[in-house]
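See structure below.
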Amino acid sequence: MAHSGFIPKDNLNSVIEALSKKARLFVPVEEGDLVLFKPFAAGQTMCFSRPANLPPKAVIFPQSDVLFDFNLKKDMENLKKVEVELKENLDFPSTIIVGCRPCDAQGFRIYDRVYLEAGATDPYYKGRREKTTIITLTCNAPSPGCFCTSVGRGPADEDGSDLLMTELPKGYYLEAVTDKGEAVLKELGLADGSAYREEAEKAQESAAKAVRKPFASLEKTPEKLIGLFDDQQFWEAEAAKCISCGACTYLCPTCYCFNITDEQAGSRGERIRSWDACMFAHFTLEASGHNPRPSKAQRLKNRVGHKFSYYPTRYKGVTACCGCGRCIRYCPVSVDISEIVAHVQGAQG
Amino acid sequence: MTEHHSNPYLPELATVTRVIEETPNIKSFQVVLNDPAKMKKFFFEPGQVGQVSVFGVGESTFVINSPPTRMDFLQFSVMKAGEVTAALHELAEGEQIGVRAPLGNWFPYKSMKGKNILFVGGGIGLAPLRTLILFMLDNRSDYADITILYGARTSLDLCYKQDLKEWAARSDVKLIQTIDAEYPGWTGKIGMVPNVLKEIAPSAENAVAVTCGPPIMIKFTLQALSQLKFTDDQILTTLEKRMKCGIGICGRCNIGDKYVCKDGPVFSLAQLKDIPSEL
């Protein structure tokens with residue numbers, strides 16, 4: 001994309017404020033020790049110096065989302081008869097996310113294949129996705145645990161972003177990736193940034209070189225994982241520390257599994273979908289009491305298998321892990337998915 | 001998903017028109033979509049499933065066990081096991097439910113034309129087979145011999161007693177019924193389904209076997225079929241998993257890279273052998 005812009009450092013806040021007038025705006029905000037994506041409000045302490053603890057996945061895929069309301073209406077002519085009324089809401093506001101990282105934006109591309117492109121279209125995801133513009137901040141240095149380059153991505157990848165923003169000593173270089181991003185550039189009326197392009201590229205390249213490489217390539221990993229499927233000893237060793245808390249899945253920009261439940265009070269209720277996780281025993285527990293994945297070793301195998309074998313098998317080799325490293329940084333017992341993949345690659349399975 | 005609604009999560013409202021008590025813990029529900037135009041247009045293939053809702057409780061997946069050749073109603077059979085099934089068991093005729101259907105794949109009935117068909121069912125596992133059996137009986141000249149082996153723990157646990165009576169009376173169907181152990185008043189066969197299967201020893205030549213039942217029955221039925229020289233391509237089964245969305249999105253019912261709700265529930269044994277052993 002040709003169109004680029006530049007925001008001098010001192011102007012960043014006013015640009016963000018201007019964006020907040022155009023749409024519902026989510027920015028990374030400091031909350032105690034955490035950095036979380038929150039709706040923009042004047043006076044917040046925004047944080048662009050490190051990736052947020054949670055990716056902004058909830059902006060498009062809320063942790064708890066009402067699919068429809070139901071209303072049970074008694075027929076006053078025939079009190080035994082109850083009519084049901086269903087009401088869905090598929091009207092979503094225009095939204096902008098500023099300051100997520102390329103890995104976070106790529107997470108949405110992982111979702112797109114499943115929620116939009118594989119057959120049935122998810123209207124809730126589609127509605128929010130289409131209405132959301134993603135302005136991504138490229139990484140200028142890796143955070144602990146990051147391994148994006150090992151999964152074929154990088155700290156300045158544009159896939160999933162509408163606009164890429166690179167921090168330079170004097171300000172932010174912006175480059176449009178999509179028409180949506182281009183439109184934002186135009187609306188903001190920013191000065192042309194092409195003079196900073198080379199400097200930005202250099203910064204991006206040096207960041208890419210700094211990312212650790214826990215394994216060399218993912219070639220053959222999908223097959224290797226299938227080969228290790230029945231190696232119980234291998235998976236028990238990998239899962240020994242795991243406490244099945246599910247934090248890895250909730251923090252993951254690419255995990256998208258959910259549950260559907262009903263909530264009812266009186267004659268009114270909602271059908272709600274909520275994030276769920278394959279790391280929980282109840283996830284696959286059937287009403288009969290049978291559970292195809294009763295042990296945490298089987299569940300961890302599914303999580304690694306989904307990201308590095310099943311998803312790539314379904315979607316032309318694309319790995320469903322963006323290497324953001326959150327599951328490694330914040331796992332309470334230090335389970336390291338990149339280490340597991342390295343072990344898989346080295347295993348004689 | 002057919003075009004009956006653009007939002008795949010939004011159920012069609014339906015009315016329970018008849019409740020049949022099949023066994024002490026299984027009931028069949030005949031339902032009709034409330035919108036007559038949608039009911040008239042509703043189309044599904046034998047073996048496809050639906051998500052049935054009791055509003056306020058939730059949804060569960062059941063096969064549509066009436067055949068598409070008899071579209072006066074859709075029938076679901078429900079074994080009382082969890083919250084949704086318990087709520088369904090409370091329903092009376094005239095009550096409202098939600099239906100999201102049809103979902104999933106179906107039996108390859110076209111490629112089964114001209115063949116001898118062997119059905120092997122256990123307990124509620126006759127439900128998906130029933131759809132195909134009735135479909136084939138309604139297109140009887142398309143298929144060669146039809147043999148149905150059906151078993152349950154006791155005679156009280158046999159479902160679809162009216163169907164069994166009709167099939168037993170037909171000269172163009174061979175029905176063998178068995179129960180696991182002697183039971184007062186039972187005059188049919190006694191023995192586990194896989195053992196009876198070995199005893200009746202149907203020929204694998206030009207045949208397709210379709211089986212569904214409890215996992216342990218399926219396991220030994222597959223062994224018996226293999227001894228009878230049925231190849232993996234000649235054996236079809238349907239899988240059950242905990243499903244939620246029913247459209248391959250929620251990520252719950254996967255076995256390796258396959259989703260039972262979308263790539264199944266019908267699989268050939270050859271297909272099953274290609275995916276990880278996580279049943």
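Labels below follow one simple rule: chain letters A, B, ... track the order of the sequence lines, proteins then strands, and each chain is numbered from 1. Just so it is clear, the structure is predicted and the values come from calculations on it, not from any experiment.
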For B:V84, is it the side chain, the backbone, both or neither that has a heavy atom under 4.5 Å from a heavy atom of chain A? neither
Taking side chain as everything from C-beta outward and backbone as N, CA, C, O, which of these in A:Y111 sits under 4.5 Å from a heavy atom of chain B? Side chain, backbone, both or neither. neither
Are any of the side-chain heavy atoms of A:H290 and B:E240 separated by less than 4.5 Å? no
How about residues 274-284 of chain A versus chain B: which residues have heavy atoms under 4.5 Å apart? A:D276, A:H282, A:F283, A:T284
Any side-chain heavy atom of B:D263 within less than 4.5 Å of one from A:R314? yes
Is the number of heavy atoms from other residues, nucleotides or ligands under 6.0 Å of A:E219 CD greater than 12? no
What's the spacing between B:S53 OG and A:L86 CG if we round to 0.5 Å? 8.5 Å
Is chain B contacted by the side chain of A:R273, its backbone, both, or neither, given a heavy-atom distance below 4.5 Å? side chain
If you compare all heavy atoms of A:A118 against all heavy atoms of B:K262, which two are closest, and at what distance to 0.1 Å? O-NZ, 2.9 Å
Residue pair B:F55 / A:R271: nearest heavy atoms and the distance that separates them: CD2-NH2, 4.0 Å
May I ask you to check whether over 12 heavy atoms, not counting those of A:K131, lie within 6.0 Å of atom NZ? yes
Closest heavy-atom pair, B:K241 versus A:E286, reported as atoms and distance to 0.1 Å, is CA-OE2, 3.7 Å
Minimum heavy-atom distance between B:Q96 and A:V84, given as atom pair plus value: CB-CG2, 3.5 Å
Would you check if the side chain of B:R252 reaches a backbone N or O of A:F258 as a donor-acceptor pair within less than 3.5 Å? yes
Proximal component of A:I226, with respect to chain B [non-hydrogen, under 4.5 Å]: side chain
Which bit of B:I249 comes within less than 4.5 Å of chain A, counting heavy atoms only: side chain, backbone, both or neither? both
Segment of A:N259 engaging chain B (4.5 angstrom heavy-atom cut-off): both
NZ of B:K258 to OH of A:Y310, rounded to nearest 0.5 Å, is 11.5 Å
Flag yes if more than 12 heavy atoms outside B:M217 fall under 6.0 Å of its CE atom; otherwise flag no. yes
Is it the case that over 12 heavy atoms from other parts of the model lie below 6.0 angstrom from the CZ atom of A:R109? yes
Any residue meeting side chain to side chain donor-acceptor pair (under 3.5 Å) with A:R293, in chain and number order, not counting sequence neighbours: A:N302, B:N254, B:E278
Please determine whether the number of non-hydrogen atoms from other residues, nucleotides or ligands lying under 6.0 Å from atom CD of A:E223 exceeds 12. yes
For A:E88 and B:N7, the nearest pair of non-hydrogen atoms, with its separation, is OE1-ND2, 2.7 Å
Honestly, the part of B:C253 sitting under 4.5 Å from a heavy atom of chain A is neither
Most contact-rich option vs chain A, by heavy-atom pairs under 4.5 angstrom, among B:G94, B:A81, B:G82, is B:A81
With sequence neighbours excluded, residues passing ring pair (Phe, Tyr, Trp, His ring centres under 6.0 Å) with B:Y109: B:F135
Under a 4.5 Å heavy-atom cut-off, does chain B meet the side chain of A:V114, its backbone, both or neither? both
So which bits of residues 66-77 of chain A come within less than 4.5 Å of chain B, counting non-hydrogen atoms only? A:L67, A:F68, A:F70, A:L72
Bottom line for A:F229: the part with an atom under 4.5 Å from chain B's heavy atoms is side chain
Separation of B:E83 CD from A:D262 CG (nearest 0.5 Å): 10.5 Å
Who among B:G251, B:S60, B:G58, B:G256 has the most heavy-atom pairs with chain A under 4.5 Å? B:G256
